[in-house]
Number of protein chains: 2
Amino acid sequence: MARPRSFDEDQVLDTAMCTFWANGYESTSTRDLCQALGLDRSSVYNAFTNKRELFKRALTRYMDTTTADQVRILDNHELPAIERIRALFAKILQTEAANRRDGHGLGCLTVNTTMELAGRDPEIGLMLARDTERRIISLSAAIRCGQRDGDIGSTRDPAELARFVNAVIAGMRVAAQGGADDATIAAIAATAMDALA
Amino acid sequence: MARPRSFDEDQVLDTAMCTFWANGYESTSTRDLCQALGLDRSSVYNAFTNKRELFKRALTRYMDTTTADQVRILDNHELPAIERIRALFAKILQTEAANRRDGHGLGCLTVNTTMELAGRDPEIGLMLARDTERRIISLSAAIRCGQRDGDIGSTRDPAELARFVNAVIAGMRVAAQGGADDATIAAIAATAMDALA
DNA sequence: CGAATTCTGCACCGATTGATGTAAAAAGGA
DNA sequence: TCCTTTTTACATCAATCGGTGCAGAATTCG
C-alpha cells in the first residue's frame with residue numbers, strides 16, 4: 001500500500017547505539033549519525049522523530065541487552081554466588097578489552113550517559129536509575145544467596161554490598177576510559193572481591 | 001603604561017572551573033562562560049587565547065587544589081595509614097554532599113573530563129593521567145605504610161590497592177551523579193575499606 | 001597634556017547545529 | 001494502469017557555535 005522502508009530498524013538502532021557510545025550524545029551530530037547509518041536525515045527524523053528520541057531508543061536497547069546479559073549471569077543458580085559475581089567482573093573485563101581503541105576503552109553507555117545527561121535530563125536520569133535498580137536487585141539477591149551458603153563471608157547488608165559492586169564496576173569503566181590496561185582493571189575487580197569474602 | 005585588567009585572573013579561573021565542572025566542556029558555550037564571568041568574550045579570548053586553553057587552565061587549577069588536598073591527607077604521618085584513607089573517603093563524601101544540586105552530585109572535574117575528553121584529546125588525556133599517577137603514588141605510599149605498621153591487613157601489591165581505592169572513588173562520583181544519597185555513597189566507601197583490612 | 005599601549009564593548013564572520021518543507025520515487029490495491 | 005500512501009533525496013531554515021576585527025575607553029610614561 002505504500003513504499004517500504006529501505007532499512008531495518010533494529011540494525012539502525014544498533015549502529016546508533018555504538019555511535020552514541022563512542023562519542024557521547026551531544027558531540028554526535030545527526031549528520032555524523034546518518035553517515036554511520038547510511039541513511040538520509042529525513043528518513044531518520046521520519047522514523048525516530050528527533051535526535052533525543054533516537055537516543056532514548058538506542059539507550060533502551062543497550063540497557064535491555066547489556067543488563068539482561070548481566071542479570072542472566074547473576075541469576076545462574078548452578079554456580080555459587082561468589083562465582084557468579086566473579087563471572088560478572090570477568091564479563092565486564094572482556095567487553096572492556098574488546099572495545100578498546102587507541103589505548104582508551106569505550107566504557108559503558110549507561111555510565112557515560114549518567115555522567116553526561118543524568119543531572120540535566122530528568123527523564124533520561126530516571127531511565128538510568130531504573131536500570132541501575134534492576135542490576136542492584138539482581139546483585140542483592142545473588143549476594144544474599146552467597147551469604148546464606150557461606151561463600152560470601154561479609155555480613156554487610158546485601159543491598160550495600162550490591163551498591164559497592166556496582167560502584168566498582170563504574171570505577172573500572174572510568175579507569176578504562178582513562179587508559180588503564182587489562183591487568184590493572186582485572187586487579188581492581190580482584191581486590192573488590194576481597195571485600196565480599 | 002596600558003589599560004589595566006578589570007578582573008582577577010584566578011577568580012575568573014575559579015568561576016570557569018565551576019562552570020565547566022557543572023556543565024562539561026562541550027556544552028559550556030563561550031557565551032555562557034562569559035555571562036558567568038561577567039566579562040566580554042574579547043576579554044576572555046585576549047587573556048586565555050581560546051576556549052580549550054581556558055579549560056586547560058581551569059582543569060590544572062582544579063587538579064592543583066583538589067589533588068593537593070588529597071595528597072595532604074594521605075601524607076599526614078600523624079595518623080595510621082588506614083585512618084588517612086578513611087579521612088580521604090570522608091573528604092570525598094563531604095565535598096560530594098556539599099555540591100549536590102536537585103538530587104544530583106557534580107562528581108569530580110577530573111572524572112567528568114576523563115569520560116568526556118580523555119579518549120578524544122590526547123593532551124588533556126595526558127594531563128589527567130599525570131594527575132591520576134600523582135594520587136596513585138601518594139595512595140601507594142600510605143598503603144605500604146599501613147602494611148608495614150599492620151593496620152592494613154591486605155597483602156596485595158600496594159599499587160594494586162591504590163588503583164582499587166582510586167576506582168572506588170570514581171565509582172562513588174558516578175553514583176553521586178546518578179542521584180545516590182549520602183548514606184549510599186558512605187556505605188560504598190565503608191565496604192571498600194573492608195578490602196584493605 | 002599628549003603618546004603609547006592594552007583592554008573592553010559590539011558587530012560580525014563562516015561553519016555547524018537540530019529540524020523542516022517539498023517534490024520525486026517506490027510500492028500495493030483497485 | 002492509475003490512485004493512494006509512505007519513504008526518500010535535496011534544499012533550506014533559524015539558531016548557535018568558536019573565533020576575530022575594530023573603534024573607543026582607560027591607564028602609565030614622558
Side-chain angles (χ1 to χ4, degrees), chain A residues 1-60 109 112-113 116-117 120-124, chain B residues 1-60 109 112-113 116-117 120-124:
Chain A
M1 189 168 170
R3 181 172 177 174
R5 289 217 171 124
S6 66
F7 59 89
D8 174 56
E9 198 156 305
D10 283 347
Q11 196 171 326
V12 162
L13 279 176
D14 268 336
T15 324
M17 183 187 86
C18 289
T19 310
F20 282 126
W21 188 358
N23 304 114
Y25 175 73
E26 296 279 10
S27 62
T28 299
S29 76
T30 58
R31 286 162 177 86
D32 295 341
L33 216 38
C34 287
Q35 186 170 13
L37 299 172
L39 293 178
D40 189 87
R41 322 241 324 284
S42 58
S43 298
V44 172
Y45 275 90
N46 179 50
F48 301 97
T49 311
N50 58 37
K51 182 183 174 183
R52 185 167 168 277
E53 260 356 90
L54 172 58
F55 179 76
K56 278 163 54 186
R57 293 278 302 270
L59 177 62
T60 299
L109 183 58
N112 298 1
T113 307
E116 186 180 0
L117 299 177
R120 192 156 25 110
D121 188 320
E123 187 186 2
I124 291 181
Chain B
M1 188 163 166
R3 180 172 177 175
R5 289 217 170 123
S6 66
F7 59 90
D8 174 55
E9 197 156 305
D10 283 345
Q11 196 172 329
V12 162
L13 279 177
D14 267 336
T15 320
M17 184 187 86
C18 288
T19 310
F20 283 127
W21 188 357
N23 304 114
Y25 176 72
E26 296 280 8
S27 61
T28 300
S29 77
T30 59
R31 286 164 177 85
D32 295 341
L33 216 37
C34 287
Q35 188 170 12
L37 298 173
L39 293 179
D40 190 86
R41 321 240 325 285
S42 58
S43 297
V44 173
Y45 276 89
N46 179 50
F48 301 98
T49 310
N50 57 37
K51 180 183 176 182
R52 186 167 168 277
E53 272 336 285
L54 171 58
F55 178 77
K56 279 163 54 188
R57 293 279 301 271
L59 177 62
T60 299
L109 183 59
N112 298 3
T113 307
E116 185 180 1
L117 297 177
R120 193 156 24 110
D121 189 319
E123 189 187 359
I124 291 181

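Naming: A, B, ... by sequence-line order, numbering from 1 per chain. Values in this document were obtained by computation on a predicted structure and should not be read as measured data.
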Discussion item. Counting only heavy atoms and a strict 4.0 angstrom limit, can you tell me which residues of residues 26-59 of chain A come near DNA chain D?
Written reply: A:D40, A:S42, A:S43, A:N46
Discussion item. Test of understanding: with side-chain contact (heavy atoms from CB on, under 4.5 Å), list the residues that count as partners of A:S29, not counting sequence neighbours.
Written reply: A:R31, A:D32
Response to the item:
Value for CG (B:L109) from CD (B:E116), rounded to nearest 0.5 Å, stands at 9.5 Å
Worksheet item: For DNA chain D, what residues of residues 2-22 of chain B have any heavy atom nearer than 4.0 Å?
Response: B:A2, B:R3, B:P4
Practice prompt. Would you give the length of the straight line joining atom CG of A:L59 to atom CG of A:L13, rounded to the nearest 0.5 angstrom?
Written response: 11.0 Å
Worksheet item: With side chains defined as the heavy atoms from C-beta onward, is the minimum distance between A:T30 and A:V44 less than 4.5 Å?
Response: no
Worksheet item: For residues 21-44 of chain A, which residue pairs qualify under ring pair (Phe, Tyr, Trp, His ring centres under 6.0 Å), counting only residues two or more places apart or in two chains?
Response: A:F20-A:Y25, A:W21-A:Y62, A:Y25-A:F55
Practice prompt. Work out how much the helix from C:dC1-D:dG30 to C:dA30-D:dT1 bends between its end axes, five pairs an end, to the nearest 10 degrees.
Written response: 0°
Discussion item. Going 5' to 3' along DNA chain D, which are the first and last nucleotides with any atom under 4.0 Å from a heavy atom of chain A?
Written reply: D:dT4 to D:dC10
Fill in: Test side-chain contact (heavy atoms from CB on, under 4.5 Å) applied to A:E53 - qualifying residues, sequence neighbours left out
A:T49, A:N50, A:K56
Response to the item:
CG of A:L37 to CG of A:L54, rounded to nearest 0.5 Å, is 7.5 Å
Worksheet item: What's the shortest heavy-atom distance between B:T28 and B:G24, and which atoms?
Response: OG1-O, 2.6 Å
Practice prompt. Walking along DNA chain C from 5' to 3', note the first and the last nucleotide with an atom under 4.0 Å from a heavy atom of chain B, and give both.
Written response: C:dA4 to C:dC10
Discussion item. Going by salt bridge (charged side-chain N to carboxylate O under 4.0 Å, His left out), name the pairs with one or both residues in residues 17-27 of chain B, residues two or more places apart or in two chains.
Written reply: B:E26-B:R120
Worksheet item: When rounded to the nearest 0.5 angstrom, what is the spacing between CG in A:D10 and CZ in A:R57?
Response: 8.0 Å
Practice prompt. Would you give the length of the straight line joining atom CG of B:L33 to atom OG1 of B:T19, rounded to the nearest 0.5 angstrom?
Written response: 5.5 Å
Worksheet item: Can you name the side-chain contact (heavy atoms from CB on, under 4.5 Å) partners of A:A47, sequence neighbours left out?
Response: A:R5, A:F7
Worksheet entry | Pairs touching residues 11-24 of chain A that satisfy salt bridge (charged side-chain N to carboxylate O under 4.0 Å, His left out), sequence neighbours left out | A:D14-A:R61
Item to complete: Scan for salt bridge (charged side-chain N to carboxylate O under 4.0 Å, His left out) pairs involving residues 36-51 of chain A, sequence neighbours excluded, and state none if there are none.
Response: none
